[in-house]
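Okay, structure first, notes after.
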Amino acid sequence: MSDTTDIDGAVRAELTRLRESIDNIDAAVVHMLAERFKCTQQVGVLKAKHQLPPADPAREARQITRLRELAESAKLDPAFAEKLLNFIIAEVIRHHETIADGAAATGTGATGAAASGTAATGTAASGTAGPAPADPVTAPDAGRTLR
Ligand SMILES: C=C(O[C@@H]1C=C(C(=O)O)C=C[C@H]1O)C(=O)O
């Protein structure tokens, strides 16, 4: 009997083990992002109520400096960490603009689903909550994308 079958089986088992961990990590990332968007959605409501601008570049600069340092110490490419944060922040700012537009249109400040802080992931109609994701190529803020 050749060893090939055994080796293939061992490789397959190792691949499966690693992929199970990857799947767990991906699930954790999704849950963490969902929690982050719940918070940022509430920030958007607060900003709309008090006529504060959707974006805060000074805050972003501090976050990027901090995240780059964390990435370095974790042996993650800091440039990748920065690109990822910029990508997420661009989406948050789009949400904030949508909330502010809604508040301006009604003249009542942020209300309804947006005010509940639960709409970060889609609309009632789409079942996916929140504004559709920006096209990373054509969006005006494409400089914030992963490219
Ligand atoms: C969430 C905020 O709004 C924007 C989004 C940020 C983020 O996603 O971390 C950071 C700064 C702002 O441009 C904020 O001002 O704190």
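Values in this document were obtained by computation on a predicted structure and should not be read as measured data. Start at 1 and go down the list; that is how both ligands and their atoms are numbered. Just so you know, residue 1 is the first one in the sequence shown, and it goes up from there.
Contacts between Ile93 and ligand 1, counted as non-hydrogen atom pairs separated by less than 4.0 Å, involve the side chain only.
Near Arg36, with a cut-off below 4.0 Å to any heavy atom, the atoms of ligand 1 are 7 (C), 8 (O), 9 (O). Close contacts of ligand 1 with Pro54, meaning ligand atoms under 4.0 Å from a residue heavy atom, involve 3 (O), 4 (C). Interface of Val92 with ligand 1, defined as ligand atoms under 4.0 Å from a residue heavy atom, comprises 5 (C), 8 (O). Atoms of ligand 1 lying under 4.0 Å from any heavy atom of His96, numbered from 1 in the order shown and given with element: 1 (C), 2 (C), 3 (O). For ligand 1, the atoms lying closer than 4.0 Å to a non-hydrogen atom of Gln63 are 7 (C), 9 (O), 10 (C), 11 (C).
Distances shorter than 4.0 angstrom do not occur between any heavy atom of Cys39 and any atom of ligand 1. Residue Ile89 places a heavy atom under 4.0 Å from ligand 1.
Heavy atoms only, all atoms of each residue included: Ile88 and Leu33 are closest at CD1-CD2, 3.8 Å.
Hydrophobic clustering places Phe80 together with Ile25 (ILVMFWY residues linked when any side-chain heavy atoms are closer than 4.5 Å, directly or through intermediates). Cluster annotation: Leu70 and Leu85 are assigned to the same hydrophobic cluster (Ile/Leu/Val/Met/Phe/Trp/Tyr, side-chain heavy-atom contacts under 4.5 Å, transitive). Under the 4.5 Å side-chain heavy-atom criterion for grouping Ile, Leu, Val, Met, Phe, Trp and Tyr, Val43 is not connected to Leu67 through any hydrophobic cluster. Hydrophobic cluster membership differs between Met32 and Phe87, with clusters built from Ile, Leu, Val, Met, Phe, Trp and Tyr side chains linked at under 4.5 angstrom.
Among Glu60, Arg59, Gln41, His95, the residue whose heavy atom sits closest to atom 13 (O) of ligand 1 is Glu60. Counting only non-hydrogen atoms, the option in Asp56, Ile64, Leu85 that gets closest to atom 12 (C) of ligand 1 is Asp56.
For the atom pair CG of Leu15 and CD of Glu20, the computed distance is 10.5 Å after rounding to the nearest 0.5 Å. Considering CD of Glu82 and CD1 of Ile89, their distance stands at 9.5 Å, rounded to 0.5 Å.
For ligand 1, none of its N or O atoms has an N or O atom of Thr40 under 3.5 Å away.
No side-chain donor-acceptor contact under 3.5 Å links His31 and Glu35.
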